[in-house]
Amino acid sequence: MGVLYLASLLLGITCMLLLDHRFRLFFWHDAKAAAIVTAVGVLFFLGWDAAGIGLGIFLRGEGTIATGLLIAPELPIEEPVFLLFLTLCTMVLYTGARRLLERSPARQTERERENA
C-alpha cells in the first residue's frame, strides 16, 4: 500500500500524455518547447517547496499510501512526481482550452470581421 500515491501519480501522468498525444496539445505539438516549459515549471515549484520547507511552512505528513522515502528533509520522493503531473496537467488543459477557444464560433466571427 506504500506506493499507492506514487503509482496514482504515474497513472495520471500517463493519462495526460495519452491525451496530449491524441490531440497533439503540448509535447506532441512542440516537444522542445514543452520540455523546457516542463523543466522550468517543475524546478520553480521545487524551489517554492524548498522555500516553504526552509521556513517551516511545508511539513511532510505521515500516510500509509506514500512510500516514506525522502529526497531531502520534509521532501518525499512523490513531490517531484506530483509537480511533474501538476505542470503537465496545467499545460495540457491550457493548450486544449486555447485550441477550443480559437475554434469557437464567436472567435471565427471576430476573424471574419477583421478580414472584411
Side-chain angles (χ1 to χ4, degrees):
M1 186 92 166
V3 296
L4 186 60
Y5 180 51
L6 184 59
S8 297
L9 288 172
L10 294 172
L11 179 64
I13 289 170
T14 302
C15 291
M16 282 295 117
L17 289 173
L18 286 171
L19 275 172
D20 181 18
H21 180 264
R22 166 64 179 90
F23 296 104
R24 307 217 184 288
L25 297 170
F26 188 47
F27 273 100
W28 276 267
H29 178 73
D30 186 350
K32 184 178 178 183
I36 292 169
V37 168
T38 301
V40 168
V42 170
L43 290 173
F44 170 79
F45 285 122
L46 278 173
W48 184 305
D49 279 355
I53 290 168
L55 293 170
I57 298 169
F58 299 157
L59 301 172
R60 180 179 65 96
E62 294 297 323
T64 58
I65 63 170
T67 60
L69 299 173
L70 300 178
I71 55 176
E74 301 296 328
L75 187 66
I77 191 78
E78 293 91 355
E79 188 65 11
V81 179
F82 168 74
L83 296 175
L84 174 63
F85 171 72
L86 177 68
T87 303
L88 183 59
C89 185
T90 301
M91 292 311 300
V92 167
L93 287 171
Y94 170 77
T95 54
R98 186 172 169 195
R99 183 176 294 172
L100 285 173
L101 289 172
E102 287 175 352
R103 293 181 180 181
S104 72
R107 181 77 173 144
Q108 290 174 355
T109 305
E110 185 180 312
R111 278 191 227 129
E112 288 170 3
R113 274 189 252 140
E114 289 173 358
N115 292 333

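The distance from atom CZ of Phe85 to atom OG1 of Thr90, rounded to the nearest 0.5 Å, is 8.5 Å. Here the CG-CG distance, from Leu70 to Leu75, works out to 7.5 Å after rounding to the nearest 0.5 Å.
Residues in residues 36-45 take part in no side-chain hydrogen bond (donor to acceptor under 3.5 Å, both in side chains) pair, two or more places apart or across chains.
Counting only distance, with no hydrogens or angles, the side chain of Thr87 and the backbone of Leu84 share no donor-acceptor pair below 3.5 Å. With Glu74 contributing its side chain and Leu59 its backbone, the two residues share no donor-acceptor pair below 3.5 Å.
The hydrophobic cluster containing Leu17 also contains Phe23, counting ILVMFWY residues as joined when their side-chain heavy atoms lie under 4.5 angstrom apart, directly or transitively. Val3 and Leu69 fall into different hydrophobic clusters, where Ile, Leu, Val, Met, Phe, Trp and Tyr side chains are chained together by heavy-atom contacts under 4.5 Å. Side-chain heavy atoms closer than 4.5 Å link hydrophobic residues (I, L, V, M, F, W, Y) into clusters, and following such links, possibly through other members, connects Trp48 to Val37. Residues Val42 and Tyr94 are members of one and the same hydrophobic cluster, defined by side-chain heavy-atom contacts under 4.5 angstrom among Ile, Leu, Val, Met, Phe, Trp and Tyr. Using a 4.5 Å cut-off between side-chain heavy atoms of Ile, Leu, Val, Met, Phe, Trp and Tyr, with links allowed through other members, Leu100 and Trp28 fall into different hydrophobic clusters.
In this structure, Phe82 and Phe45 have side chains that are not in contact, with every pair of non-hydrogen atoms separated by 4.5 Å or more.
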Donor-acceptor pairs under 3.5 Å, side chain of residues 7-16 to any protein atom, not counting sequence neighbours: which ones?
from  : atom 1 : to    : atom 2 : distance (Å)
Ser8  : OG     : Leu4  : O      : 2.8
Thr14 : OG1    : Leu10 : O      : 2.9

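With sequence neighbours excluded, no residue forms a salt bridge (Lys or Arg N to Asp or Glu O under 4.0 Å) with Arg99.
The two residues Val92 and Phe26 make their nearest non-hydrogen contact at CG2-CB, 4.4 Å. Residues Ile71 and Pro80 come closest through the heavy atom pair CD1-CG, 3.5 Å.
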- Task: Tell me, with the steps shown, if Thr95 and His29 meet side-chain contact (heavy atoms from CB on, under 4.5 Å).
- Result: CA-CA 10 Å; Thr95 54; His29 178 73; over 6 Å; no
